[in-house]
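See structure below.
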Amino acid sequence: MVVDTVIKSMSKEKIILGIDPGTTIMGFGLIKIVGKKMEFLQLNELMLKKYDDHYLKLKLIFERTVELIDTYHPDEIAIEAPFFGKNVQSMLKLGRAQGVAMAAGLSREVPITEYAPKKIKMAITGNGNASKEQVAKMLQSMLGLKTIPKNLDSMDGLAAAVCHFYNEGRVEVGKSYSGWSAFVKQNEGRVKK
(Lines give C-alpha, C1' and ligand atoms only; values in the text may rest on other atoms or scores of the structure.)
Protein backbone atom coordinates (compact mmCIF):
# COMPACT_ATOMS: atom_id res chain seq x y z
CA MET A 1 0.00 0.00 0.00
CA VAL A 2 2.79 2.44 0.90
CA VAL A 3 4.71 1.51 -2.26
CA ASP A 4 1.62 2.26 -4.39
CA THR A 5 1.28 5.69 -2.78
CA VAL A 6 4.96 6.48 -3.41
CA ILE A 7 4.73 5.36 -7.05
CA LYS A 8 1.60 7.45 -7.62
CA SER A 9 3.17 10.56 -6.09
CA MET A 10 6.33 10.09 -8.18
CA SER A 11 4.39 9.72 -11.44
CA LYS A 12 1.98 12.56 -10.71
CA GLU A 13 1.93 15.20 -13.37
CA LYS A 14 2.06 18.84 -12.42
CA ILE A 15 1.98 22.00 -14.50
CA ILE A 16 3.82 25.13 -13.40
CA LEU A 17 3.07 28.55 -14.88
CA GLY A 18 5.93 31.02 -14.60
CA ILE A 19 5.24 34.74 -14.99
CA ASP A 20 7.56 37.69 -15.50
CA PRO A 21 5.17 40.59 -14.84
CA GLY A 22 5.54 43.86 -16.67
CA THR A 23 3.44 46.70 -18.03
CA THR A 24 5.31 46.81 -21.33
CA ILE A 25 5.70 43.05 -21.84
CA MET A 26 4.43 40.26 -19.60
CA GLY A 27 6.40 37.10 -20.25
CA PHE A 28 5.16 33.64 -19.33
CA GLY A 29 6.25 30.05 -19.68
CA LEU A 30 4.74 26.71 -18.81
CA ILE A 31 6.42 23.45 -17.91
CA LYS A 32 5.00 20.05 -17.10
CA ILE A 33 6.55 17.88 -14.42
CA VAL A 34 6.17 14.13 -14.78
CA GLY A 35 7.74 12.35 -11.84
CA LYS A 36 11.05 14.15 -11.50
CA LYS A 37 11.35 15.14 -15.17
CA MET A 38 10.63 18.56 -16.58
CA GLU A 39 9.01 19.05 -20.02
CA PHE A 40 8.59 22.30 -21.92
CA LEU A 41 4.98 23.21 -22.77
CA GLN A 42 4.86 26.79 -23.98
CA LEU A 43 6.25 30.29 -23.70
CA ASN A 44 4.91 33.57 -24.99
CA GLU A 45 4.49 37.25 -24.26
CA LEU A 46 1.63 39.64 -23.78
CA MET A 47 2.65 42.79 -25.64
CA LEU A 48 1.35 45.91 -23.90
CA LYS A 49 3.51 48.63 -25.50
CA LYS A 50 0.74 49.85 -27.79
CA TYR A 51 -1.60 50.73 -24.90
CA ASP A 52 -1.25 54.10 -23.19
CA ASP A 53 -3.80 53.52 -20.42
CA HIS A 54 -2.07 51.90 -17.42
CA TYR A 55 -5.38 50.57 -16.05
CA LEU A 56 -6.20 48.92 -19.37
CA LYS A 57 -2.79 47.22 -19.25
CA LEU A 58 -3.58 45.88 -15.76
CA LYS A 59 -6.95 44.59 -16.98
CA LEU A 60 -5.26 42.83 -19.91
CA ILE A 61 -2.66 41.25 -17.59
CA PHE A 62 -5.44 39.95 -15.35
CA GLU A 63 -7.48 38.59 -18.28
CA ARG A 64 -4.48 36.91 -19.97
CA THR A 65 -3.40 35.29 -16.70
CA VAL A 66 -6.92 33.96 -16.08
CA GLU A 67 -7.02 32.71 -19.69
CA LEU A 68 -3.71 30.86 -19.21
CA ILE A 69 -4.99 29.30 -15.99
CA ASP A 70 -8.28 28.24 -17.57
CA THR A 71 -6.50 26.81 -20.64
CA TYR A 72 -3.55 24.97 -19.04
CA HIS A 73 -4.86 24.36 -15.50
CA PRO A 74 -1.51 24.93 -13.75
CA ASP A 75 -1.12 23.38 -10.33
CA GLU A 76 1.18 26.18 -9.18
CA ILE A 77 2.31 29.63 -10.28
CA ALA A 78 5.85 30.98 -9.90
CA ILE A 79 6.16 34.73 -10.30
CA GLU A 80 9.21 36.95 -10.47
CA ALA A 81 9.16 39.50 -7.66
CA PRO A 82 9.79 43.11 -8.68
CA PHE A 83 13.39 44.18 -8.29
CA PHE A 84 14.17 47.31 -6.34
CA GLY A 85 15.32 50.12 -8.59
CA LYS A 86 15.79 53.85 -8.26
CA ASN A 87 12.72 54.81 -10.32
CA VAL A 88 9.82 54.70 -7.87
CA GLN A 89 7.17 55.08 -10.61
CA SER A 90 8.55 52.07 -12.52
CA MET A 91 8.63 49.99 -9.33
CA LEU A 92 5.05 50.95 -8.57
CA LYS A 93 3.89 49.96 -12.06
CA LEU A 94 5.76 46.64 -11.84
CA GLY A 95 4.30 45.96 -8.40
CA ARG A 96 0.81 46.59 -9.74
CA ALA A 97 1.42 44.26 -12.70
CA GLN A 98 2.64 41.56 -10.32
CA GLY A 99 -0.31 42.12 -7.99
CA VAL A 100 -2.82 41.82 -10.81
CA ALA A 101 -1.22 38.57 -12.05
CA MET A 102 -1.26 37.26 -8.47
CA ALA A 103 -4.90 38.28 -8.04
CA ALA A 104 -5.77 36.32 -11.19
CA GLY A 105 -4.09 33.22 -9.76
CA LEU A 106 -5.69 33.71 -6.36
CA SER A 107 -9.11 34.12 -8.00
CA ARG A 108 -8.67 30.61 -9.41
CA GLU A 109 -7.15 29.33 -6.13
CA VAL A 110 -3.81 28.41 -7.69
CA PRO A 111 -0.92 28.49 -5.18
CA ILE A 112 1.59 31.25 -5.95
CA THR A 113 5.26 31.55 -5.01
CA GLU A 114 7.39 34.65 -5.56
CA TYR A 115 11.08 34.47 -6.43
CA ALA A 116 13.63 37.27 -6.46
CA PRO A 117 15.33 37.75 -9.84
CA LYS A 118 18.73 36.75 -8.36
CA LYS A 119 17.23 33.54 -6.94
CA ILE A 120 15.82 32.64 -10.37
CA LYS A 121 19.15 33.32 -12.10
CA MET A 122 20.98 31.30 -9.45
CA ALA A 123 18.62 28.33 -9.91
CA ILE A 124 19.07 28.32 -13.69
CA THR A 125 22.74 29.23 -14.17
CA GLY A 126 24.33 28.90 -10.74
CA ASN A 127 25.10 32.64 -10.86
CA GLY A 128 22.72 35.17 -9.33
CA ASN A 129 24.24 37.91 -11.49
CA ALA A 130 23.85 36.08 -14.82
CA SER A 131 22.60 38.06 -17.80
CA LYS A 132 19.17 37.49 -19.39
CA GLU A 133 21.01 35.99 -22.38
CA GLN A 134 22.88 33.50 -20.19
CA VAL A 135 19.61 32.42 -18.53
CA ALA A 136 17.95 32.05 -21.94
CA LYS A 137 20.83 29.95 -23.34
CA MET A 138 20.80 27.67 -20.28
CA LEU A 139 17.02 27.18 -20.57
CA GLN A 140 17.41 26.45 -24.28
CA SER A 141 19.93 23.75 -23.45
CA MET A 142 17.95 22.29 -20.50
CA LEU A 143 14.63 22.09 -22.30
CA GLY A 144 15.84 21.39 -25.84
CA LEU A 145 14.36 24.57 -27.32
CA LYS A 146 15.18 25.09 -31.00
CA THR A 147 15.26 28.88 -30.85
CA ILE A 148 15.30 31.71 -28.35
CA PRO A 149 12.69 34.46 -28.81
CA LYS A 150 13.79 38.00 -29.73
CA ASN A 151 12.36 39.46 -26.51
CA LEU A 152 13.59 37.53 -23.49
CA ASP A 153 10.60 38.30 -21.24
CA SER A 154 8.98 34.95 -22.06
CA MET A 155 12.24 33.20 -21.15
CA ASP A 156 12.17 35.06 -17.83
CA GLY A 157 8.68 33.67 -17.18
CA LEU A 158 9.89 30.19 -18.12
CA ALA A 159 12.89 30.66 -15.81
CA ALA A 160 10.54 31.40 -12.89
CA ALA A 161 8.71 28.11 -13.54
CA VAL A 162 11.98 26.13 -13.75
CA CYS A 163 13.29 27.83 -10.59
CA HIS A 164 10.11 26.77 -8.79
CA PHE A 165 10.61 23.16 -9.93
CA TYR A 166 14.21 23.18 -8.66
CA ASN A 167 13.20 24.70 -5.32
CA GLU A 168 10.26 22.37 -4.74
CA GLY A 169 10.33 20.72 -1.35
CA ARG A 170 12.92 23.09 0.05
CA VAL A 171 12.02 24.92 3.19
CA GLU A 172 13.29 28.33 2.09
CA VAL A 173 11.49 29.32 -1.08
CA GLY A 174 9.87 32.63 -1.91
CA LYS A 175 6.67 33.85 -0.36
CA SER A 176 3.88 31.38 -1.07
CA TYR A 177 0.13 31.87 -1.05
CA SER A 178 -2.52 29.15 -1.50
CA GLY A 179 -5.43 31.57 -1.74
CA TRP A 180 -6.67 35.01 -0.81
CA SER A 181 -7.15 34.16 2.86
CA ALA A 182 -3.57 32.82 3.05
CA PHE A 183 -2.27 36.02 1.43
CA VAL A 184 -4.16 38.19 3.94
CA LYS A 185 -3.01 36.05 6.88
CA GLN A 186 0.66 36.23 5.82
CA ASN A 187 0.44 39.98 5.16
CA GLU A 188 -1.60 41.22 8.12
CA GLY A 189 0.59 44.31 8.48
CA ARG A 190 -0.32 45.41 4.94
CA VAL A 191 -4.09 45.05 5.36
CA LYS A 192 -6.09 48.06 6.61
CA LYS A 193 -8.55 47.30 9.38
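On a predicted model such as this, the values are computed, not experimentally measured, just so you know.
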Q) Any idea which heavy atoms bring Tyr55 and Arg96 closest together, and the distance? A) OH-NH1, 4.4 Å
Q. With side chains defined as the heavy atoms from C-beta onward, is the minimum distance between His54 and Thr23 less than 4.5 Å?
A. yes
Q: Assess whether side-chain contact (heavy atoms from CB on, under 4.5 Å) is satisfied between Lys119 and Asn167, documenting all intermediate values.
A: CA-CA 10 Å; Lys119 179 134 182 145; Asn167 282 282; 3.6 Å; yes
(Q) Within this structure, what is the CD1-OG1 distance for the pair Ile79 and Thr113, rounded to the nearest 0.5 Å? (A) 10.5 Å
Q. Who pairs with Asp70 by side chain to side chain donor-acceptor pair (under 3.5 Å), at least two apart in sequence or on another chain?
A. Arg108
**Q.** Side-chain donor-acceptor contact under 3.5 Å, Gln98 with Glu114
**A.** yes
Q) Going by heavy atoms in the side chains, are Ile16 and Val162 under 4.5 Å from each other? A) no
Q: Could you check Ile77 against Ile112 for side-chain contact (heavy atoms from CB on, under 4.5 Å), going step by step and ending with a plain yes or no?
A: CA-CA 5 Å; Ile77 295 174; Ile112 299 167; 4.1 Å; yes
Q) Do other residues, nucleotides or ligands put more than 12 heavy atoms under 6.0 Å from Asp52 CG? A) no
Q. Is there side-chain contact between Leu158 and Leu143, with heavy atoms separated by less than 4.5 Å?
A. yes
Q.
Would you say that Ile124 contacts Leu139 through its side chain, given a criterion of any heavy-atom pair below 4.5 Å between the two side chains?
A. yes
**Q.** Qualifying residues under side-chain contact (heavy atoms from CB on, under 4.5 Å), relative to Ile148, sequence neighbours excluded
**A.** Ala136, Lys137, Gln140, Leu152, Met155
Q) So do Thr24 and Leu48 actually touch side chain to side chain, heavy atoms under 4.5 Å? A) no
Q) Shortest non-hydrogen contact from Lys36 to Phe165? A) O-CZ, 3.4 Å
Q: Measure the NZ-CE distance between Lys93 and Met91 for me, rounded to the nearest 0.5 Å.
A: 13.5 Å
**Q.** Least distance between heavy atoms, Gly29 atom then Ala161 atom
**A.** O-CB, 4.1 Å
Q. Would Val66 and Ile15 show up in the same hydrophobic cluster when neighbours are defined by side-chain heavy atoms closer than 4.5 Å?
A. yes
Q: Indicate yes or no: at least one non-hydrogen side-chain atom of Leu145 is less than 4.5 angstrom from one of Phe40.
A: yes
**Q.** Cluster link Leu56 to Leu58, ILVMFWY, side chain under 4.5 Å
**A.** yes
Q: List for me each residue that meets side-chain contact (heavy atoms from CB on, under 4.5 Å) alongside Thr65, sequence neighbours excluded, and say none if there are none.
A: Ile19, Met26, Ile61, Ile69, Ala101, Ala104
Q) Sub-3.5 Å donor-acceptor pair from the side chain of Glu109 to the main-chain atoms of Leu106, do we have one? A) no
Q.
I need the full list of salt bridge (charged side-chain N to carboxylate O under 4.0 Å, His left out) pairs touching residues 139-165, with sequence neighbours left out, sorted by first then second residue.
A. Lys132-Asp156
**Q.** Under the side-chain contact (heavy atoms from CB on, under 4.5 Å) test, residues paired with Ser90 that sit two or more places apart
**A.** Asn87
Q) Should Tyr115 and His164 count as side-chain neighbours, where that means a heavy-atom distance under 4.5 Å? A) yes
**Q.** Within one Ile-Leu-Val-Met-Phe-Trp-Tyr cluster: Tyr166 and Leu43, side-chain cutoff 4.5 Å
**A.** yes
Q) Considering only heavy atoms from C-beta outward, does the side chain of Glu39 approach that of Ile33 to under 4.5 Å? A) no
Q) Ala78 and Ala160: which non-hydrogen atoms are nearest, and at how many Å? A) CB-O, 3.3 Å
(Q) Tell me whether Val135 shares a hydrophobic cluster with Met122, the cluster being built from Ile, Leu, Val, Met, Phe, Trp, Tyr side chains joined at under 4.5 Å. (A) no
Q. Any side-chain donor-acceptor pair under 3.5 Å between Lys121 and Asn127?
A. no
Q) At what distance, to the nearest 0.5 angstrom, does NE2 of His73 lie from CG of Leu30? A) 11.5 Å
(Q) If hydrophobic residues (ILVMFWY) are linked whenever their side-chain heavy atoms come closer than 4.5 Å, directly or via other members, who joins Ile25 in its cluster? (A) Met47
Q) Is there a path from Tyr72 to Met102 through hydrophobic residues (I, L, V, M, F, W, Y) whose side chains come within less than 4.5 Å of each other? A) yes
Q) How far apart are the C-alpha atoms of Asp20 and Phe28, what are their side-chain angles, what is the distance that settles it, and do they pass the side-chain contact (heavy atoms from CB on, under 4.5 Å) test? A) CA-CA 6 Å; Asp20 177 28; Phe28 59 88; over 6 Å; no
